[in-house]
Amino acid sequence: MRKLKLAMYVSLDGVVENPAWTGPFWNDQLSELQADYLFASDALVLGRVTYEGFAAAWPTMEESTGEFGKKMNSMPKYVASRTLNEAEWNATIIEGEVAAEVAKLKERSGGDLLIYGSGDLVDELTRHGLIDEYRLMVHPVVVGSGKRLFNEVTTTTLGLVESTITDTGVCILTYAPAAGEAAV
């Protein structure tokens with residue numbers, strides 16, 4: 001069974017929205033960790049807002065981002081949306097109940113599925129126990145306002161799998177569901 005992994009930028013106060021505040025903390029360490037995650041994955045699972053932002057930006061960034069950009073642009077994307085009727089950029093709209101459809105994607109053969117951003121989708125999939133790994137890149141900045149991670153999630157216990165601190169102070173915390181909280 002494929003694993004569903006999350007990569008999420010988070011501020012110290014839990015904000016995940018409009019992560020322009022991450023720029024000053026970007027470095028080669030973070031770039032390498034992100035590349036490892038992407039290249040271990042066969043497809044992206046995205047919420048509509050993240051998908052629309054990525055689809056508008058990534059096709060024009062391939063030259064400046066090299067192999068990472070080529071991988072982002074060429075891999076399949078599955079988009080959770082109640083409002084989109086069609087998609088581009090190698091994307092398929094998830095039809096029906098999102099959690100059930102993502103569970104079916106996990107059952108297919110292949111490499112990992114990767115979620116970038118997509119806060120509402122992350123909340124939904126966390127409520128259904130479908131995320132196998134949470135990589136939270138906690139940035140040393142207080143944003144003050146904006147959408148926060150795990151806005152509408154009940155108690156979910158996670159166990160720390162790995163932690164790394166970059167030279168710029170970003171704490172990369174990788175968690176998996178704790179015993180008894182395994183993904184369905």
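One-based numbering along the sequence shown. Computed over heavy atoms, backbone and side chain alike; hydrogens, waters and symmetry mates excluded.
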Response to the item:
In D42, D132, D112, D36, the residue satisfying salt bridge (Lys or Arg N to Asp or Glu O under 4.0 Å) with K5 is D112
Report yes if the side chains of [X] and [Y] come closer than 4.5 Å at any heavy-atom pair, otherwise no.
X    : Y    : value
L105 : L113 : yes
E86  : I93  : no
I94  : V79  : no
M75  : N90  : no
E133 : Y175 : no
V10  : M137 : no
F150 : T126 : yes
S81  : Y51  : no

Is a side-chain N or O of [X] found less than 3.5 angstrom from the main chain of [Y], in a donor-acceptor match?
X    : Y    : result
T168 : T166 : no
T50  : L46  : no
Q29  : D167 : yes
T156 : T154 : yes
R148 : E17  : no
S41  : A43  : no
R108 : R2   : no
S118 : V122 : no
S74  : K70  : yes
D123 : V153 : no

Discussion item. Nearest 0.5 Å, please: how far is OH in Y134 from CG in L149?
Written reply: 9.0 Å
Practice prompt. Mind listing the closest non-hydrogen atom pair of P19 and T22 along with its distance?
Written response: O-OG1, 2.8 Å
Worksheet item: Looking at P140 and G169, what are the two nearest heavy atoms and their distance?
Response: CD-O, 3.6 Å
[X], [atom1]: over 12 other non-hydrogen atoms inside 6.0 angstrom:
X    : atom1 : value
I165 : CD1   : no
K71  : NZ    : yes
D28  : CG    : no
E32  : CD    : no

Discussion item. Using side chain to side chain contact (heavy atoms under 4.5 Å, CB included), reason through I115 and L4 one step at a time and then give a plain yes or no.
Written reply: CA-CA 7 Å; I115 305 173; L4 179 60; 3.7 Å; yes
Worksheet item: Would you say L121 and V49 are hydrophobically clustered, going by side-chain heavy atoms of ILVMFWY under 4.5 Å?
Response: no
Practice prompt. Walk me through it: do L136 and L6 pass the test side chain to side chain contact (heavy atoms under 4.5 Å, CB included)?
Written response: CA-CA 8 Å; L136 306 178; L6 167 68; 4.2 Å; yes
Practice prompt. Kindly say whether the aromatic ring centers of W58 and F68 come within a distance under 6.0 Å.
Written response: yes
